[in-house]
Structures are given as C-alpha cells and as structure tokens.
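Down below is the structure, laid out as structure tokens.
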Number of protein chains: 4
Amino acid sequence: MRVPLERYGTLVPVVNARRADVRADAQRNRARVLDAAEVVLARDGLSASMREIAELAGVGVGTIYRQFPTKEALYQAIVQDRMRRLAERAGELAQAADAGEAFFEYFSTIVADSTVKKVLVDALAASGIDAKAGAPDIKGPIAALLARAQEAGAVRRDVGMEELLALLSAACLAAQHNNWGDDLRARTLAVVFDGLRPAGKARASG
Amino acid sequence: MRVPLERYGTLVPVVNARRADVRADAQRNRARVLDAAEVVLARDGLSASMREIAELAGVGVGTIYRQFPTKEALYQAIVQDRMRRLAERAGELAQAADAGEAFFEYFSTIVADSTVKKVLVDALAASGIDAKAGAPDIKGPIAALLARAQEAGAVRRDVGMEELLALLSAACLAAQHNNWGDDLRARTLAVVFDGLRPAGKARASG
Amino acid sequence: MRVPLERYGTLVPVVNARRADVRADAQRNRARVLDAAEVVLARDGLSASMREIAELAGVGVGTIYRQFPTKEALYQAIVQDRMRRLAERAGELAQAADAGEAFFEYFSTIVADSTVKKVLVDALAASGIDAKAGAPDIKGPIAALLARAQEAGAVRRDVGMEELLALLSAACLAAQHNNWGDDLRARTLAVVFDGLRPAGKARASG
Amino acid sequence: MRVPLERYGTLVPVVNARRADVRADAQRNRARVLDAAEVVLARDGLSASMREIAELAGVGVGTIYRQFPTKEALYQAIVQDRMRRLAERAGELAQAADAGEAFFEYFSTIVADSTVKKVLVDALAASGIDAKAGAPDIKGPIAALLARAQEAGAVRRDVGMEELLALLSAACLAAQHNNWGDDLRARTLAVVFDGLRPAGKARASG
DNA sequence: GATGAATGAGGGTTCATTCAT
DNA sequence: TATGAATGAACCCTCATTCAT
C-alpha cells in the first residue's frame, strides 16, 4: 500500500535521473527473465515452472508478471525475439554474393539454432496462440532469399514458400526433438538440400 | 450422460466362453480408452488430463487405471500400438513388386498417419521413458524396405537408416505440429523423395 | 439380476442339502475373511484396503461385501469376535482356584494378545462407532474376576472397574503401538500389578 | 469466510525489521497451521486431510505446503514441537526441591497433555518415519528426573527407563484414545505411581 | 517497482463400494 | 452366489497467478 515517493512529486520531471535508473533496472530484468526462460524451457520443456525461471533469473515471480502478464505472454515474447533475430540474419544474408550458398547456409543455421525454439512454438501452438501475432515478419526475408537462390539457379523453381517453410519447420522440430548432433544434421539436411536443387545439379554421390 | 459407445473404434470382439464375457467389457473399454486418449492427446498434447480422457472415453478414471497403472503406461501403450501397426504394414509392403514404390508409399503413409504419434513420443521422451521399451521392433522392417529400394536402384545407396529415420521423424513431427493438409504433405515429401533418389533419376520438373 | 434358483422352490425345504452346502461355503468364507482382515489390519493398520484383504482371503471383494455391508462393519465384526473370546476366557478363569493368580494372568493374557486389537479399536473410535455395540458383554466377566481377586486379598479394594479398564486399555494400546516384547511387557506389567496389590503385599524388590 | 484468527494460539511475534514484517505473516500462518493440524489430527486421526487442516487454519492448502513440504513433514513438525516443550519442562523440573514430587508431577503433566501426541506418533510410525529424527532429546531430561527421584527414595531403584517410558507411553495412549477425564486420570495414575514407589512407601489406602 | 507468501483450481492416483456378468 | 471390473469422490500435491508488504 505504500505509494512510491516519486508519484507525489511536482509534475515537472524533476526526478528524471532516478526514473531512468528504474527503467534501466526494468530492462535488465526483462532481459534476464527472457534469458532464464529460454534456458529453463530448453531443459524442462512445456512444463517449466515460473518459479524456476524466476529463480534462475534472480528475480521474484512477481517481477516476471510485471513484464509478462501471463506465462504464455512470456513464451510469445521469446518466440518473437527469436523471430526478430532470424529475420535480421535473413536480411544480412540477402546481401551475400553467392545466393545459393546464402540460402542453404541460412537454412542450416536456423536448424542448428532451433534447439530451444521448438518447445516454444509447441507451447504456443498447444495454447492455440498464433505465434506470429505481433511478431516481425520473417516470411518476407526468407522469400527474398529463396527468390534470389532460384534466380541463381541454385534452387528448383517449382518449390514454393509453403513447402520451404514446411521443410524448415520439420527439420527444426526433429533437430530439437531428437537432439540431432552436428553430424546427423549435416547428413540429413544434405538429402533435403539435394531435393531442393534443380535436377542435374551437384550431388554428393549416388 | 455418457458418450455413445459407437463413437470410438469398432473393436467389438466376439467371445463365447462365459468368463470371457466379462473380459469383453474390459476389452471394449480398453479400446475406448486408447481411442479417446489418442484424440485428447492430439488435441491437448502433453498436458492432457486423465479426467478428460476418461470423460471422452465414457468411463470413470478408475477404469483407465485398471488397465494402465500410470499415465505414462497409457501413453506407452498407445505408442506401442502404433508401432506395432506400422511394423505390420512394413512387413506387408516388403512383399510388394515394386520396391521403390513400396518404400516411398510406406514413408508417405507413416507421415499421413502420424497425426497423433508425435505428441506421444514427445510425452514419453519428456518422461525419460524409452518409447521402444517392449515395443515391437520397427527399425527392422523399415531397414528391409530401404535395402530393397536401394537394390532396386530407387534410393541412393549412401543414405543410411539414421538419416532416413531423421527425415521420417521430421516429417511426422511437422505434419502433426503444423497440421499438414494432403496437398502440402505431397509437395513437401516430393522434395524429400527427390533428395533420396539417385542422381539423374526421375524428377517432376526443374 | 439372476434370481437364485432356490428362491422359487416350494416352501417345503426340499433343497436342504444344497442350501446347507451353500451355508457351509458362506461360513467358511466368512471365517477366511475375518482371518485375513486381522492379518492385514495388523500389518497395514487403518489404511488396509479391502482389495488386499480379499486377495489374502482368496475371495472377491464382492464376497466380503456380502457378509459385511461396510468396511467398518468388518472391523466391528473382528472386534466383537475378539471380545467374545476374551469374555469366554474370563468365564473360564472365574473358576480358577487362585483368584489373584487368575486375575493377573487374565490381565497379562489380554495384553499379550492385543497386538491386533488396537488397530481395530482405533479404527472404530475414529469412525465414531461404539465398539461395544452389539458385542457380548466383557465387563461382567472381568468385574467378577476383579471381585474374586479383591475378596481373596490379592487386589486393593479401592480399585474400581473404571481404573482397571483404563489400565488394561493403556497396556494393550502401548503393547501394540510400541511393539512390546515379552520381556518388556513382563517388567512393565510388574509395576502395574504392584500398584494394584494391597500395601504390604508381595513385591519383587525395592 | 475464514476462521477468526484468534481462535488458535496466540503466537503473535513482534518484529521490527521491515523485511521481518513479511515473515510475521508467515510465522503466524505457520503457528495457525500447526494448531489446526493438532486439532484435526486429534479428531480424525491418521486420515485427517490436508484440505481440512487448511480450512480450519483459515489458509489455503498451498500455504501449508510452503511451510511443510509433505503431510508427514507437518506431522513431524508437530511431534517435534511437543517433544521440545516436554524436554523444556523436564529441564525446569530438574531443579525442583522435591525430586519425587517433580518426577510424579512431570509424569502426570505429560499424560494430561498428551491428547494429540499419540495420533502423531502413530502417524509417523505408520509411515516408517523415525519420530525422533532431528527432535530434541527427551530421554535425557526424563532420565535425569528419574535418577533424582530414585536417589531421593521416591521411586524404586529397579525401575529402568524402558519400563518407565513404556508406562508413560501407555498412559498417554490411553488418555488420548479413551478420552480420560481429570478424575479418571488421577485415579489410574495413582495405581501406576504406587507401583513405582518402593515397597513400604506411602500408599493411599488398601 | 520488486518480492515472495498465499491462493485454490486442477493434476495424477487410490480405494470403498456397486453391479453386470 | 461369487467375482472383479467400473465408478467417482477424495486424497496429496503442484503451480500459475494475485496481492500484501
């Protein structure tokens, strides 16, 4: 019931410095919570508990709820965070010299990187939440990557975004679910990539 | 007050012996529980509750526990059931004339059929249970199918069981997770199958 | 729903032999259930389950319920059975030559014998049931024993039935609860018996 | 909607530090839970339910589990609490002028006080838990009391701790079990105490 | 704003009792 | 009549969420 002192100050932003401090704190907490949540979710999956996340983040559970009104909101935030980063990377690779290489590298990177993501998408899907809600558009950058690779003759022209995302999702899901090692991932993706290449294009063996 | 029996499956065993009559009830209930569990698990994933399964099956929770001492035991039973059916189908296809066709058809069938499986395997994995414990071997029949398809020149010789299972698992996971429709499944698997074929072999287009 | 055949016979007891058979069966079952219940109760205490009792007795649970409409009824039956036996024994000892010896022996016997009883009394008490309801009177025979011992000068005259039963109950409770061995029981009862004897009467030491 | 706080105990600790304020709530709740648990256990015995305890204490079940991770832990806490208080009282009486009086008074006090204890020890025993685990030693102080009383000639020298504890336990058990009133307790213990006194020592009558 | 104690619905599981066989 | 499968209330316990501090 104790009202923060600041609330009773004059309307002039006298305490700017102090308030900024608070902001910094809040932001640092938000980041800490997100990091902790990723770790805990990767380890415990869907059943991760808010308490554990809070403990790992070194904050009280109440602090999490201040930033994320709901467990699901926390999950969404993580997913969106990931998506944003992926979109950024796609944007970077869109400048690459070798469009085919860029495309396949991006695909591999996402899969290698997806250990955590699945659980989250899973969670969101299970809750009937649209993971994309409010998220930065990731399809756009990927579509650009695909188009460039197709123009460069590195990817079949009859492959659409839908199949591509399906393959990507499948690989991510399995990589996380079955804990693909680097070797298995490479060999498995090799097959998929071969399937994506135009007939007659480079292939390891036969 | 109860879900009509007819809604689930059609396993009405005909038994004659008097004592077996009692069992008939139990067997029908067992089947109903398994069916209901698949449905609920597909819908709610890991967090499906025994109560809900019982309600959908039209039985009391106690009835489930009579057949399956534990929630995990129920999950395992479903997985094993699936595995058994898959192994059976693989055995059938091993006799097919066209080894390549048999192989790819089997792959497609499993994926089309995998709506539920993922959640279960998921569940088991999360519980640290070995899904294969006591289950009929499914790798054997699949390996046989693969070997025949390779001998027939329908599948690349440098693809091993590990990659194959990884691809299969990935497709199943994604099919279930993202709710692939028939069309998307066909197009996506087409890419994968192309990747599995020897270089120079039939390909739809480019 | 099948009505027993006998019910529709003529009123003449035509099927006497057969009915007697049934009776014998039922009686044997009743005895078996009582025995099993004592064993299980002694081992598992209040939380003994009907199923376990049934299994040990070698009958179905339904059979128990035919004889005893309720778990509590079963408990009561056991207690009453015990009480009856104790009353019988008291009656026998009432004829003994040495009234003092008879009294103390009876006391000891009951205590030594009480391993099981406590749990039952406990159970009944917990359920708010009067253990004595419908039971054969045990106070009468004991009072007789006490009176004779007092007349014989072996027990103080100022000890009443109430204290006596309190002491008896206490010893039984503790014997069962703390698992008194023969030795400890003897030494403990020696003190109590000394307290019951008239001043100046025989005492082990000082 | 809730049981008035005042109904149980009067443990309202006064703490000054700000952080300790939070604890004050927790401590009061802890005390309330312990009190309520004693009441419910005394009434319902082993089968007391956590929910009922929570309701009587006027808290949610979760609050109990915050303090006591397990039902058994709660039981243990109560037992240990009792034991500690008894040990303290024994320590006090060890200073008393009249060693014999102190000894017999202590015995009486424990019995009068034992309404709840039995059920608890019962519960713990049933769960295979060692009631003494981590509990303050109560045997030491009692042994001291006994030794002094024997030296003072108030208690027979051939009575050992084992018999003494057996008698004490028996009296407590019965007092709780059969709901001894003050009068009955006095008369019953009179007999026991007489048995504990050296031959020839004061005795009420004969 | 941060904390974590409190809450209580809900989860898995057991078991006294009923009832179809 | 005996059997044991079925039932579902009740149990212990967890955890997302709220709220007093």
Side-chain angles (χ1 to χ4, degrees), chain A residues 1-4 6-7 19 21-23 25-26 29 47-55 59-67 69-72 74, chain B residues 18-27 29-30 47-52 54 58-67 69-72 74, chain C residues 1-7 21-22 25-26 29 47-55 59-67 69-72 74, chain D residues 18-27 29-30 47-52 54 58-72 74:
Chain A
M1 283 286 157
R2 248 188 13 250
V3 179
E6 292 78 6
R7 192 173 292 176
R19 299 199 50 151
D21 275 358
V22 175
R23 266 282 169 65
D25 239 49
N29 274 342
S47 57
S49 87
M50 293 299 265
R51 167 182 300 241
E52 205 156 355
I53 294 171
E55 263 161 27
V59 303
V61 280
T63 303
I64 299 184
Y65 278 91
R66 168 159 295 275
Q67 302 274 356
T70 279
K71 203 189 186 188
E72 275 164 5
L74 172 59
Chain B
R18 197 194 296 180
R19 287 306 313 269
D21 272 357
V22 180
R23 289 256 172 78
D25 240 46
Q27 271 184 25
N29 273 339
R30 190 189 157 93
S47 56
S49 91
M50 293 299 265
R51 241 173 209 90
E52 203 159 354
V59 303
V61 281
T63 302
I64 300 184
Y65 279 93
R66 166 165 288 275
Q67 302 272 358
T70 276
K71 199 190 188 186
E72 275 165 6
L74 172 59
Chain C
M1 285 285 158
R2 253 193 3 253
V3 178
L5 299 183
E6 291 78 4
R7 192 172 292 176
D21 274 357
V22 175
D25 239 48
N29 274 342
S47 57
S49 86
M50 293 299 267
R51 168 183 299 241
E52 205 156 356
I53 294 173
E55 262 162 27
V59 303
V61 281
T63 303
I64 298 184
Y65 278 91
R66 167 159 294 274
Q67 303 274 356
T70 278
K71 203 187 186 188
E72 276 163 5
L74 172 60
Chain D
R18 197 195 297 179
R19 286 307 312 268
D21 273 356
V22 180
R23 290 254 172 78
D25 240 47
Q27 272 183 27
N29 273 337
R30 189 189 158 93
S47 57
S49 90
M50 293 299 264
R51 172 173 308 223
E52 203 159 355
V59 302
V61 281
T63 301
I64 300 184
Y65 280 93
R66 167 165 288 275
Q67 303 272 356
F68 310 98
T70 277
K71 200 189 188 186
E72 275 164 6
L74 172 59

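Just so it is clear, the values below take in all heavy atoms, side chains as well, and ignore hydrogens, waters and symmetry mates. Lettering of chains follows the sequences in order, A, B, ..., and the numbering in each one begins at 1.
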Hey, does the side chain of A:N29 come within less than 4.0 Å of E:dG1's phosphate (OP1/OP2), counting only N and O? no
What's the CD-C1' distance between B:Q67 and F:dG4, to the nearest Å? 12 Å
Separation of F:dG4 atom P from C:R66 atom CZ, nearest Å, is 15 Å
How many whole angstroms separate atom CD1 of C:I64 from atom P of F:dT1? 18 Å
With rounding to the nearest 0.5 angstrom, report the CZ to CD1 distance, D:R51 to D:I64. 11.0 Å
Mind checking side chain to side chain donor-acceptor pair (under 3.5 Å) for D:Q67 and listing every partner two or more places apart, or none if nothing turns up? none
Return the value, rounded to whole Å, for the distance between atom CD of D:Q27 and atom P of F:dT21. 15 Å
Write down the atom of B:G60, the atom of B:A54, and the distance for their closest heavy-atom approach. C-CB, 4.0 Å
Provide, to the nearest angstrom, the distance between the CD atom belonging to C:E52 and the P atom belonging to E:dA16. 10 Å
Summarise protein proximity over nucleotides 12-19 of chain F in one line of letters, 5' to 3': B for base, S for sugar-phosphate only, - for none, counting protein heavy atoms closer than 4.0 Å. SBB-SBB-
Involving DNA chain F, stems made of at least three consecutive Watson-Crick or G-U pairs, both distances under 3.5 Å: E:2-21 with F:2-21
If you measure from NZ on C:K71 to CG on C:L74, what distance do you get to the nearest 0.5 Å? 9.0 Å
